[in-house]
Amino acid sequence: MELQPTETRFDSYAGYRAAIADLVAGVRKEIRIFDTDFSQTGLESIAGIEALAAFLGRDRGNRMWIAVHSTEFLEAHCPRFRRLFAVFNHVTSIRQTPDDLRNQTECFAIADDTSLVVRFHSDHPRGKVVTGDSAEIEAWRRRFAAIWEASEESIAVTRLGL
């Protein structure tokens, strides 16, 4: 069943975090996240970790891909997320963008190629939630694929990075 296209705007970090939480709550098979440093997603919170763990543990085929410009926030401030990643490292991957992609300033997340959250610029909270607009979501999915392809594996989650 095709979703009726909708677009909802937000203009605060709280709105962005709520949109990301709703996206994660509704994801069924796969989620792709691109963020400059992951610090405003809210996914490092207890509720965010629980939602991601529920999604990843629900089905062996579920997948999560994350691309970031900087892993510093994830490594220094997200021990719960690192533990989650260690448990689900067989279905999750984090990559860091190369320097020549640092001009990518929109932050976005795509769930199941049916829902999208976009923050228009990493320095500002303003953005939108899009559902059911397959053409727009496909364009963002292709953008994520290009970022992913150019990026390198990141964040060693085992002790001593082994």
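Numbering starts at 1 and runs along the sequence shown. Computation of the quantities below employed the complete heavy-atom set of this structure, encompassing side-chain atoms and omitting hydrogens, waters and symmetry-equivalent molecules. Everything numeric in this text was worked out from a predicted model, so none of it was measured.
Residue F144 holds its CZ atom at 11.0 Å from CG of D113, rounded to the nearest 0.5 Å. Rounding to the nearest 0.5 angstrom, the gap separating the CG atom in D37 from the CD atom in Q96 is 11.0 Å. The CG atom of L116 sits 11.5 Å away from atom CD of E138, with the distance rounded to the nearest 0.5 Å. Separation of atoms CZ (R119) and CD (E106) is listed at 11.0 Å; rounding is to 0.5 Å. Note that CZ of F108 is 10.5 Å distant from CD1 of I33, once rounded to the nearest 0.5 Å.
Hydrophobic clustering (side-chain heavy atoms under 4.5 Å, transitive across Ile, Leu, Val, Met, Phe, Trp, Tyr) keeps L23 apart from Y13. Placement of V68 and W140 in two distinct hydrophobic clusters is found when ILVMFWY residues are connected by side-chain heavy-atom separations under 4.5 Å, directly or transitively.
Side chains of H77 and E72 form no contact here, defined as non-hydrogen atoms less than 4.5 Å apart. Put simply, the side chain of L43 does not reach to within 4.5 Å of the side chain of I49, judged on heavy atoms. In this structure the side chain of I110 reaches within 4.5 angstrom of the side chain of I137, judged on heavy atoms. Side-chain contact between V24 and I31 is present, with at least one heavy-atom pair separated by less than 4.5 Å. E136 places a side-chain heavy atom less than 4.5 Å from the side chain of K128. With contacts defined as side-chain heavy-atom distances shorter than 4.5 Å, the pair T92/I66 does not qualify.
Ring geometry for F38 versus F81: interplanar angle of 30 to 60°, hence tilted. Ring geometry for H69 against F34 counts as perpendicular: the plane angle is over 60°, on a 0 to 90° scale with 30° as the lower cut.
No side-chain donor from either of D112 and T114 sits under 3.5 Å from a side-chain acceptor of the other.
The minimum heavy-atom distance between F88 and A53, with the atom names listed, is CZ-O, 3.9 Å. Across all non-hydrogen atoms, the minimal contact from S12 to G15 is OG-N, 2.9 Å. For the pair C107 and S122, the tightest heavy-atom approach, listed with the atom from each and the gap, is SG-CB, 3.8 Å. Nearest heavy atoms, A109 versus I20: CB-CD1, 3.8 Å. Listed here is the closest heavy atom pair of L52 and L84: CB-CD2, 3.8 Å. Taking every heavy atom of both residues into account, C78 and F73 meet most closely at SG-CE2, 3.3 Å.
Residue pairs meeting the side chain to side chain donor-acceptor pair (under 3.5 Å) criterion with at least one member in residues 48-65, sequence neighbours excluded, are K29-D59.
Taking a cutoff of 4.0 Å between a charged side-chain nitrogen and a carboxylate oxygen, R82 and E75 do not qualify as a salt bridge. Under a 4.0 Å N-O distance rule, the pair E44/R17 does not qualify as a salt bridge.
Judged by distance alone, the side chain of R95 and the main-chain N or O of W148 form a donor-acceptor pair under 3.5 Å. A donor-acceptor contact shorter than 3.5 Å is absent between the side chain of R32 and the backbone of M64. Not one N or O on the side chain of T71 forms a donor-acceptor pair closer than 3.5 Å with the backbone of L74. Judged by distance alone, with hydrogens and angles left aside, the side-chain atoms of S115 form no donor-acceptor pair with the main-chain N or O of A111 at under 3.5 Å.
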- prompt: Checking side-chain contact (heavy atoms from CB on, under 4.5 Å) for the pair F120/T105: CA distance, chi angles, key distance, verdict?
  reply: CA-CA 7 Å; F120 301 129; T105 57; over 6 Å; no
task: Given side-chain contact (heavy atoms from CB on, under 4.5 Å), test T41 with D35 step by step and report yes or no.
output: CA-CA 8 Å; T41 64; D35 198 282; 3.6 Å; yes
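Between Y16 and H124, the ring center distance fails the sub-6.0 Å criterion.
Shown here is R80, whose CZ atom has more than 12 heavy atoms of other residues, nucleotides or ligands within 6.0 Å.
When each of E152, Q104, R102 is tested with T97 by the rule side chain to side chain donor-acceptor pair (under 3.5 Å), just one qualifies, namely R102.
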